[in-house]
Amino acid sequence: MAFSGGFMEKAKPYFAMIALQFGYAGMNVLTKVSLNGGMSHYVLVVYRHAFATVAIAPFALILERKVRPKMTWSIFFQIFVLALLGPVIDQNFYYVGLKYTGPTFACAMSNILPAMTFVMAVIFRMEKIELTKVRCQAKIFGTVVTVAGAMLMTLYKGPLMHLAWTRHSQAGGGGEPPAVVDPTGKEWFLGSLFVIIATLAWASLFILQTHTIKQYTAQLSLTTLICLVGTIQAIVVTFVMERRPSVWTIGFDMNLLAAAYAGIVTSSIAYYVQGLVIKKTGPVFASAFSPLMMIIVAVMGSFILSEKIYLGAVLGAVVIVVGLYAVLWGKHKETQEKEATPLPVATNGHGATNTEMIGAAGARNDRDATGPTKPASNGRGGGSASAV
C-alpha cells in the first residue's frame, strides 16, 4: 500500500497534465467551429473568462478564506501581468492565428512552447544547464526534437492518410470544401506570426506564474483574480477593437457552449491545476506536455470536423512524442537526484530532530541518528519548483 501511495503521489502531475491536454484539445475544436460561425474572438475571450471567474470564485471565497495571503501592490502587479499575458495576449493572438491558418498548423506551431520556456527558464536562472549531465543533455535533445517534429508536421504535408472514419465522411460529404486561406498568402504569414507571439506570451506566463505562486500561495484565489482581471482587460480590448454592439449577442448555441467550455474547463480548472503542477515540478515540466494537444486535436478533428490527416502530420507527431519523453526522462532523472541529495545543514549532536534530508538519504540519516525521526519531504513542498 505504501508503494502504491508513493507511486500515485509521483504520478499525479503526469495524469494532471495529460488530462489538461484533452481539455485544451476539446477547446480547440469547439473554438474553431465557433469562429467559423462568425463569432468575434475578442468577445469569446471576454465570455470565456467571465464564465471562469463565476465558476471558481465561490470555491476560492469559501475554501481559502482563512489562508488567503495579504494582497500587496507587487502581487497585484504580477496578477495584472499574468492576466495580460494569458487571457488577453495569448488567447487573442492564438485565436487570430487559428482563424487565419487552421487548427493543425496552429497547434503544430504552438509546440515551440517547450523550447521557449526552457530558454526563458535558463535566462532567468530557473533552469541550470550542465552539459556533462546526461539528464540535461536529454532535456536539450528532447526540446530540439520536439520543435523539429512540429516543423516537420508544418512543412511536410505528404500523401493523404486514408482512415476508416475519414473515408466514410469523404464518401458521404460530396465535393471538396473550398479553401479558407491561401497557404502562401499574407494571411497565412500573419497567422503564423500571431501564433508565435501567443506562444511566447504563454511561455512568459509559465515563468512568471512560477514566481507568483511562491508569494501568493492561495491557488484558487490566484486563479480567480487572474480570470477576473483578464475579463476586465479583455472587455477594454474588445470595446477598442469591436465597434459593433451586435458582436456581444450570444444565444443558446455553439458560441455559448464554446465560451462556457473554454471558461470552466480550460481557464478556471486548467489555470488552477497548471498552477499546482508548476509549484510541484516547475514550468519546463508543465510545458513539455503541450505537444500532446496537437496529437489529440488531430484525432478529434478527423472524427468531429472530418479533418484530413496527412503523412507529414503522423510523422511529425511521432517525432514530437520522442522529444516529449526525452524531456520527461531528463526531468525524472533530475528529480531523482534532488531526492537523493542531502541538504547542507548544521548538526548539533542531538540527533535527527534538527536534520532534514530529502528522499532516501534523509531516511538513512534518520535511522542512524538518536532521538525521534522526522519524515522527509518527497517533493510535496517547493523544492522541485525552486529549481524547475
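We count residues from 1, following the sequence as given. Bear in mind that the values here come from a model prediction, so they are computed numbers and not experimental data.
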Within the side chain of T31, is there an N or O that forms a donor-acceptor pair under 3.5 Å with the backbone of M27?
yes
Does OH in Y14 sit with more than 12 non-hydrogen atoms of other residues, nucleotides or ligands closer than 6.0 Å?
yes
Would you say I232 and V43 are hydrophobically clustered, going by side-chain heavy atoms of ILVMFWY under 4.5 Å?
no
Closest non-hydrogen contact found for A326 with G142 is CB-CA, 3.6 Å
Would V33 and L30 count as a side chain to side chain contact (heavy atoms under 4.5 Å, CB included) here? Give the steps.
CA-CA 5 Å; V33 174; L30 291 176; 5.8 Å; no
Ignoring hydrogens, what is the shortest heavy-atom contact between T143 and V327? Give both atom names and the distance.
N-CG2, 3.6 Å
Spacing of L84 atom CG and D90 atom CG [to the nearest 0.5 Å]
11.0 Å
Heavy-atom closest pair (K32 atom, L98 atom, distance to 0.1 Å) is NZ-O, 3.5 Å
Drop me the distance from M71's CE to Y216's OH, to the nearest 0.5 angstrom.
4.0 Å
Would a hydrophobic clustering, with Ile, Leu, Val, Met, Phe, Trp and Tyr connected at side-chain separations under 4.5 Å, put L61 with I75?
no
Flag, side chain of R243 to backbone of V240, donor-acceptor distance under 3.5 Å
yes
Aromatic plane relationship, W202 with F206 - under 30° parallel, 30 to 60° tilted, over 60° perpendicular:
parallel
Least distance between heavy atoms, S204 atom then M120 atom:
OG-CE, 3.4 Å
Check whether any side-chain heavy atom of L220 lies under 4.5 Å from a side-chain heavy atom of T223, and answer yes or no.
no
Within-4.5 Å side-chain heavy-atom neighbours: I196 and M116:
yes
Consider only side-chain heavy atoms of I, L, V, M, F, W and Y, link residues closer than 4.5 Å, and tell whether L222 and V67 are in one cluster.
no
Before you tell me yes or no, could you show the steps for Y94 and N28 under side chain to side chain contact (heavy atoms under 4.5 Å, CB included), namely the whole-Å CA-CA distance, both residues' side-chain angles and the distance that decides it to 0.1 Å?
CA-CA 10 Å; Y94 182 80; N28 272 273; 2.7 Å; yes
What are the two closest heavy atoms between A55 and I264, and how far apart are they?
CB-CG1, 4.0 Å
Side chains of P87 and T231: closer than 4.5 Å at any heavy-atom pair?
no
Are W73 and L228 in one and the same hydrophobic cluster, where Ile, Leu, Val, Met, Phe, Trp and Tyr link if side-chain heavy atoms are under 4.5 Å apart?
no
Atom pair NE2/CD of H49 and Q233 - distance to nearest 0.5 Å:
10.0 Å
Side-chain contact, heavy-atom cut-off 4.5 Å: V45 with R48?
no
Can you tell me how the ring of F239 sits relative to the ring of W248, calling it parallel under 30°, perpendicular over 60° and tilted otherwise?
tilted
Could you go through Q215 and Q78, starting from their C-alpha distance and side-chain angles, then the distance that decides it, and tell me whether this counts as side chain to side chain contact (heavy atoms under 4.5 Å, CB included)?
CA-CA 10 Å; Q215 297 181 339; Q78 294 178 49; 2.8 Å; yes
Test item: M39 and I250 side chains (from C-beta on) under 4.5 Å apart, heavy atoms:
yes
Do V318 and L152 share a hydrophobic cluster (ILVMFWY, side-chain heavy atoms under 4.5 Å, transitive)?
no
T266 side, atom OG1; M293 side, atom CE - distance, nearest 0.5 Å
10.5 Å
Closest approach of A25 to M300 (non-hydrogen atoms, all atoms of both residues):
CB-SD, 3.8 Å
With the side chain counted from C-beta on, respond yes when F51 and V265 share a heavy-atom pair under 4.5 Å apart, and no when they do not.
no
Which distance, rounded to the nearest 0.5 Å, do you find between the CD1 of I140 and the CD of E130?
10.5 Å
First locate atom CD1 of I278, then atom CD1 of I213, and finally report the distance between them rounded to the nearest 0.5 Å.
5.5 Å
